[in-house]
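So the structure is just underneath, and the comments pick up after that.
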Amino acid sequence: ACAIYGSRAANGVILITTKEGKVAKKSKDCESSSQSEISYDAYYGIQKIEKYVDVANASEYYKTFRSNNPTFNLTVPSYADTSGAGTDWQKEIYRLATTQRHTVSYESGSDISSIRISGNFLKQEGIVKTTDYQSMGFGGKASHNLKKWLSIQESFGFSSSKKDLISEGAGIYNNNPVILALLMDPTVPVKSENTLYDDTSHYGLTTNYYNGVFNDIRNPVRVLDLNNQTNKNQGYNGSFTINLTPIKNLSVTSLIGANGYTNRYESFTPLFYQNANAVWYLYPNKQGATYQLNESYGYSYTLTNTATYTIEKTDSNQNPIHNLQIMAGNETYYKYGNGQTIDGYYMDPTLTSDIRHISMADSSVVSKYNIPSELAMQSILGRINYSFKNRYLATVNIRYDWTSRFTKENRLGKFPSFSLGWKISDENFFKNNEKLKKINECKLRLGWGTIGNSNTVDDKGYDNIYPYASTM
């Protein structure tokens with residue numbers, strides 16, 4: 001069955017349908033009636049980390065350090081706790097996080113039209129401090145039976161989200177606070193009420209965060225407090241469908257749908273003090289803040305036209321004997337995307353860190369990359385369905401795809417398929433068997449088909465390094 005979707009069916013096919021408004025039935029006197037409904041749904045929850053990783057406390061850490069480094073000459077500062085529990089860095093970065101979700105919907109319908117409009121809002125705190133997610137969206141769908149031979153449907157949707165991120169690298173220098181919390185020296189406090197360092201030679205940088213005494217792992221709480229990574233997304237979609245029945249047994253459907261998106265990732269790392277020998281921002285021993293901006297946007301549209309002719313023959317009791325459906329259609333698909341990545345280093349440290357713009361960076365180390373992409377696809381498809389007494393089934397599909405991802409001589413792909421089915425549960429021997437008739441439906445199906453994968457080449461015509469990844 002997937003073969004009817006041709007070169008985009010290698011990963012399988014997921015069909016998504018949205019809720020529709022309820023259609024009211026006509027009253028006994030055959031007059032039109034309508035009904036409306038408003039609903040509200042709310043959810044509130046709390047989440048926390050179930051179990052912390054068992055690591056050494058301060059006294060255990062200090063004893064292990066001394067046993068492994070018996071000749072190491074180090075003066076233990078007064079603020080270091082070498083005999084107690086010290087700082088549990090996991091508890092310092094994790095929190096009790098809340099989640100709330102609200103959904104409001106309105107739907108109305110009559111025997112002619114139906115409509116449904118809904119909106120939702122989600123706010124979720126992450127169990128790691130400074131990681132939050134917020135989203136909202138609204139959309140609607142309407143159907144109208146204008147004539148016996150004419151009906152239309154429309155739908156639209158919009159969504160927006162914001163996610164506060166943290167670094168997720170595995171290395172200790174990737175500023176991943178989850179990793180740092182497992183490795184940070186537990187003998188030192190998180191920070192001091194007083195300034196620990198103030199040096200005009202380093203642009204007057206100050207800090208009250210403690211560094212490790214028995215290792216040089218970065219303070220994970222400071223990493224979270226200095227973290228400024230945000231990802232914002234917006235998406236929109238819409239569709240319009242018209243269904244015609246120009247003559248008996250013939251139905252014609254045309255659908256046009258469009259989607260669009262924008263994405264903006266922004267990261268800012270201010271200049272900050274690490275120790276007396278180095279001022280850090282993203283890389284050690286480089287003075288200046290760093291700013292990164294990734295932006296992308298794109299849109300796509302699909303135009304699908306199909307015509308289906310049905311031939312049906314029944315017996316004197318109106319039981320189906322023969323049913324034949326012949327469908328033919330074409331589809332046009334187009335997608336465009338573009339974006340840019342901007343990196344700026346050595347941003348003027350004499351200015352306030354609240355000024356976050358690429359113009360503050362040294363122009364000699366500003367890098368910018370544009371990444372446009374484009375895809376066009378034209379398809380022709382056909383299907384024949386046949387059933388005999390609704391028990392013996394046969395289906396034949398064919399689809400031709402032309403895609404711009406390949407060179408002209410290789411753009412055409414042909415994807416045939418067929419299947420045979422037998423609804424065993426409709427046979428008399430099955431219905432009359434006391435044990436078997438407890439089974440609601442039993443069907444045997446045999447099928448063969450060819451599907452494609454155009455994702456082995458990207459929209460710019462370059463081979464993907466790992467083409468198998470798109471089919472896993």
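Just so it is clear, the model here is predicted, and its values are computed rather than measured.
Side-chain contact, Thr130 with Asp164: no donor N or O sits under 3.5 Å from an acceptor N or O. Side-chain atoms of Asn233 and Asn263 include a donor-acceptor pair closer than 3.5 Å. Looking at Glu266 and Tyr291, their side chains do bring a donor and an acceptor atom within 3.5 Å of each other. Side-chain atoms of Thr187 and Asp185 form a donor-acceptor pair, as typed in the model, at a separation below 3.5 Å. Neither side chain, Asn259 nor Tyr261, offers a donor N or O lying under 3.5 Å from an acceptor on the other. Using modelled atom types and a 3.5 Å distance limit, the side chains of Ser167 and Asn176 yield no donor-acceptor pair. Checking Asp225 against Tyr209 by side-chain atom types alone, a donor-acceptor pair falls below 3.5 Å.
Looking at heavy atoms from C-beta onward, Ile117 lies out of side-chain contact with Phe138 at the 4.5 angstrom threshold. Inter-residue side-chain proximity for Gln378 and Asn330 is flagged as met; some heavy-atom pair is nearer than 4.5 Å. Residues Tyr297 and Tyr336 are in side-chain contact: their nearest non-hydrogen atoms beyond the backbone lie under 4.5 Å apart. Side-chain atoms of Ser379 and Met377, non-hydrogen and from C-beta on, do get closer than 4.5 Å to each other. Residues Val188 and Asn211 form no side-chain contact, since every pair of their non-hydrogen atoms from C-beta on lies 4.5 Å or further apart. Put simply, the side chain of Trp89 does not reach to within 4.5 Å of the side chain of Pro177, judged on heavy atoms.
Between Phe65 and Phe214, the ring planes lie tilted relative to each other; the angle falls in the 30° to 60° range.
Residue Asn175 forms a side-chain contact (heavy atoms from CB on, under 4.5 Å) with just one option from Arg218, Gln229, Glu168, and that option is Arg218. Among the candidates Tyr133, Tyr43, Tyr44, the single residue satisfying the side-chain contact (heavy atoms from CB on, under 4.5 Å) test with Thr99 is Tyr43.
A donor-acceptor pair under 3.5 Å links the side-chain atoms of Glu125 to the main chain of Thr98, judged by distance alone. For Ser160 (side chain) and Met136 (main-chain N/O), no donor-acceptor pair under 3.5 Å exists by modelled atom type. No donor-acceptor distance shorter than 3.5 angstrom exists from the side chain of Ser155 to the backbone of Lys141, with no hydrogens or angles considered. Looking only at distances, a side-chain donor or acceptor of Asp81 sits under 3.5 Å from a matching main-chain atom of Ser83. Of the possible donor and acceptor atoms, none in the side chain of Gln90 sits under 3.5 Å from a partner among the backbone N and O of Asp54.
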* **Test side chain to side chain contact (heavy atoms under 4.5 Å, CB included) applied to Ile166 and Leu224, step by step** => CA-CA 8 Å; Ile166 58 172; Leu224 286 175; 3.9 Å; yes
* To do: With side chain to side chain contact (heavy atoms under 4.5 Å, CB included) as the test, would you mind laying out the steps for Thr241 and Thr253 before giving the verdict?
  => CA-CA 7 Å; Thr241 305; Thr253 300; 3.8 Å; yes
* Asked: Checking side chain to side chain contact (heavy atoms under 4.5 Å, CB included) for the pair Thr82/Lys63: CA distance, chi angles, key distance, verdict?
  -> CA-CA 8 Å; Thr82 59; Lys63 291 177 183 178; over 6 Å; no
* Let me see the working for Val221 and Lys191 under side chain to side chain contact (heavy atoms under 4.5 Å, CB included), right down to the final yes or no. => CA-CA 9 Å; Val221 176; Lys191 58 183 179 181; 5.9 Å; no
* Asked: What's the verdict on side chain to side chain donor-acceptor pair (under 3.5 Å) for Ser118 and Ser105, showing C-alpha distance, side-chain angles and the deciding distance?
  -> CA-CA 4 Å; Ser118 64; Ser105 65; over 6 Å; no
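Taking OG from Ser110 and CD from Gln35, the interatomic distance works out to 9.5 Å, rounded to the nearest 0.5 Å. Rounding to the nearest 0.5 angstrom, the gap separating the CZ atom in Phe240 from the CD1 atom in Ile256 is 10.0 Å. In this structure, CZ in Arg411 is found 6.5 Å from OG in Ser404, a value given to the nearest 0.5 Å. The OG atom of Ser135 sits 4.0 Å away from atom CG of Leu122, with the distance rounded to the nearest 0.5 Å. Distance check: Thr230 OG1 to Tyr265 OH gives 8.5 Å after rounding to the nearest 0.5 Å. Atom OH in Tyr334 sits 3.0 Å away from atom CD in Glu374 (nearest 0.5 Å).
Closest non-hydrogen pair, Asn219 versus Tyr210, comes out as ND2-O, 2.9 Å. Nearest heavy-atom pair, Tyr94 versus Val128, reported as atom, atom and distance to 0.1 Å: CE2-CG2, 3.6 Å. Here the closest heavy-atom approach between residue Ile217 and residue Leu183 is recorded as CG1-O, 3.8 Å. Smallest separation of non-hydrogen atoms from Leu180 and Pro220: CB-CB, 3.9 Å. Scanning all heavy atoms of the two residues, the minimum distance from Ser300 to Tyr333 falls at CB-OH, 3.9 Å. For the pair Ile127 and Lys48, the tightest heavy-atom approach, listed with the atom from each and the gap, is CG2-CA, 4.1 Å.
For Glu50, the CD atom sits in a loose shell: 12 or fewer heavy atoms of surrounding residues, nucleotides or ligands are nearer than 6.0 Å.
Between Arg399 and Glu331 a salt bridge is recorded (basic side-chain N to carboxylate O distance below 4.0 Å).
You'll find the ring centres of Tyr236 and Phe158 outside the 6.0 Å limit.
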